[in-house]
S.K.: 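Submitted below is the structure of interest, expressed as structure tokens.
The sequence lines fix the lettering, A, B, ..., with proteins before strands; numbering per chain opens at 1.
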Protein chains: 2
Amino acid sequence: MGMAEETRWLSGAEQDVWRTFITMTSALTDSLDRQLQRDAKMPYTYYEILVVLSEAPRRELRMSELAGLRGSSRSRLSHAVSRLEEAGWVERRECPTDKRGQLAALTDAGFAALAAAAPGHVTAVRESLFDRLTAEQVRVLGEISAAVLGGLDPDMLLPGNHPRDCGGGHVADSPHTAEVGQPEVGADT
Amino acid sequence: MGMAEETRWLSGAEQDVWRTFITMTSALTDSLDRQLQRDAKMPYTYYEILVVLSEAPRRELRMSELAGLRGSSRSRLSHAVSRLEEAGWVERRECPTDKRGQLAALTDAGFAALAAAAPGHVTAVRESLFDRLTAEQVRVLGEISAAVLGGLDPDMLLPGNHPRDCGGGHVADSPHTAEVGQPEVGADT
DNA sequence: CGCATGCGGTTGAGAGTTCAACCAGAGGGG
DNA sequence: CCCCTCTGGTTGAACTCTCAACCGCATGCG
């Protein structure tokens, strides 16, 4: 941890970009979260869980896989699934091959709630993001996102899922950034 | 509210960009938040409050201005300032011109805490964002951020700061996206 | 087999945010 | 002047997330 280096401060232009960027992202996520909370009675993070479940083989997934796929901690997912279970949208099942394991499964009511929420959410995403950008900007945004995401130190993410050691880990190079966006719901186009 | 329209779903390419983008932003903010929490014992939102205060005229600001400048609700700011006050980093003062008003003022200890936190934070931002992008990508990211930020429906942001009515409002077209980034702390370069 | 260790998942407490009241002071008529 | 309304700000409850501890099953090794 050699902190002896001189800090490389941001230039004025970089400060502008950073400020605008961080303000935009927090305003955007707040806006989407509010839309979902208002129209579908669920926070955005829960919506994402339902989406991932809806695309899984039997609409069920191991807790850990679900957590990894969504970049959230096991603890967070456990709390979230408890809430979703109370709402009747998800149910827990025992894992047949590993008695420690639990499966989170989307119920019919959960699927219906997702189907009801999806149009409003997708419309909000389109109107606030894609409708405001040129095709070229969208392309570059994809590049930028992938570059930044690929460079983040995995140790800085999800601390607490590795009680100790954690040596020689491979990083499970995210095969999950594709094919996720609409739920399996009326997905023509 | 004519919801009679057909939903315009996202194309496959758009889904990819959206998924990557939203995953990147949440991973990035989580990472920065963790860095600050670990090294400076404060969440990122509190750091931002200290930064804005450090740049204000006498290092003090009306609660409402601070909230508006930071895009947060009055309630959130009130709770946050209470915490910052307990930490000894901010103090509340009475407003001389309006007996309802309160000023939040940065203390010397708060300034010192900010000065101590800034290098680590700026380094994290540089390493996770700017070092990963070309100059051209940074430029486009600025464009994109401004375009999206400018288009967000102001009614979707900060609900609860307008008890009712809210008619004919002007939107206070953000003059605050400039000159904010480093605190007024060793800001050579 | 018996035991140490690692893995999957849960729990409870603490912290930050949101939402809906709520209060006091400011402003604007009648 | 009084009342009505709006504004600035606070409060408390409900909710989500984090962190650290914890439990039970799985696995490997002597």
S.K.: Does dT16(D) have OP1 or OP2 under 4.0 Å away from a side-chain N or O of Arg76(A)?
M.R.: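 No, outside the criterion.
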
S.K.: Any N or O donor-acceptor pair under 3.5 Å from the base of dC7(C) to the side chain of Arg100(A)?
M.R.: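 Yes, the side chain and the base share a sub-3.5 Å donor-acceptor pair.
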
S.K.: Taking atom C1' of dT17(C) as reference, at what distance in whole Å does atom OH of Tyr44(B) sit?
M.R.: 17 Å

S.K.: Take atom CG of Leu84(B) and atom P of dT17(C), then tell me their distance rounded to the nearest Å.
M.R.: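 Rounding to the nearest Å, CG of Leu84(B) and P of dT17(C) are 10 Å apart.
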
S.K.: Return the value, rounded to whole Å, for the distance between atom NZ of Lys99(A) and atom P of dA26(D).
M.R.: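 Atom NZ in Lys99(A) sits about 6 Å away from atom P in dA26(D).
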
S.K.: Under 4.0 Å between a side-chain nitrogen and a carboxylate oxygen: does that hold for Glu48(B) and Arg19(A)?
M.R.: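 The answer is yes: the pair qualifies as a salt bridge.
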
S.K.: I want to confirm an ordering. Mapping Pro43(A) and Asp98(A) to their closest nucleotides on DNA chain D, which one lands closer to the 5' end?
M.R.: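 The 5'-side residue here is Pro43(A).
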
S.K.: Under 4.0 Å: is that the gap between some side-chain N or O of Arg34(A) and OP1 or OP2 of dC19(C)?
M.R.: yes

S.K.: Between Thr107(A) and Trp89(A) (side chain of the first, backbone of the second, donor and acceptor by atom type, cut-off under 3.5 Å), is there such a pair?
M.R.: yes

S.K.: Base, sugar-phosphate, or nothing: which does Ser78(A) touch, judged by heavy atoms less than 4.0 Å apart?
M.R.: base

S.K.: Between the base of dG9(C) and the side chain of His79(A), is one N or O donor paired with an acceptor at under 3.5 angstrom?
M.R.: no

S.K.: Any side-chain N or O of Thr45(A) below 4.0 angstrom from OP1/OP2 of dT16(D)?
M.R.: no

S.K.: Does Arg70(A) reach the main-chain N or O of Ile49(A) with its side chain, forming a donor-acceptor pair under 3.5 Å?
M.R.: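 No; judged by distance alone, with no hydrogens or angles, the pair does not exist.
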
S.K.: Rounded to whole angstroms, how far apart are CG on Leu77(A) and P on dC7(C)?
M.R.: 19 Å

S.K.: Which whole-number value in Å describes the distance from Met42(B) CE to dT17(C) P?
M.R.: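 The answer, rounded to whole Å, is 14 Å.
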
S.K.: Any side-chain N or O of Ser75(B) less than 4.0 Å from the OP1 or OP2 oxygen of dG9(D)?
M.R.: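 No.
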
S.K.: So, is Arg92(A) near the phosphate of dT10(C), with a side-chain N or O under 4.0 Å from OP1 or OP2?
M.R.: yes

S.K.: Lys41(B) NZ to dG16(C) P: how many Å, rounded?
M.R.: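 Rounding to the nearest Å, NZ of Lys41(B) and P of dG16(C) are 13 Å apart.
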
S.K.: Output the rounded distance in Å from CZ (Arg70(A)) to C1' (dG9(C)).
M.R.: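 It is 19 Å, rounded to the nearest whole Å.
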
S.K.: Considering only dT18(C), dT11(D), dG9(C), which nucleotide approaches the side chain of Arg62(A) most closely?
M.R.: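 Between dT18(C), dT11(D), dG9(C), the one nearest the side chain of Arg62(A) would be dG9(C).
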
S.K.: Starting from the 5' end of DNA chain C, give me the residue, Ser82(A) or Gln37(A), whose nearest nucleotide shows up first.
M.R.: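 Mapping each residue to its closest nucleotide by heavy atoms, the 5'-most match is Ser82(A).
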
S.K.: Would you kindly give the CZ-to-C1' distance between Arg74(B) and dG12(D), to the nearest whole Å?
M.R.: 19 Å

S.K.: Return the minimal non-hydrogen interatomic distance between Glu94(A) and Gln102(A), and the atom names on each side.
M.R.: CA-OE1, 4.2 Å

S.K.: Taking only side-chain N and O atoms of Tyr46(A), does any of them lie within less than 4.0 angstrom of OP1 or OP2 on dT16(D)?
M.R.: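 The answer is yes; a side-chain N or O of Tyr46(A) sits under 4.0 Å from OP1 or OP2.
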
S.K.: Is the closest side-chain donor-acceptor distance between Gln37(B) and Asp33(B) under 3.5 Å?
M.R.: no

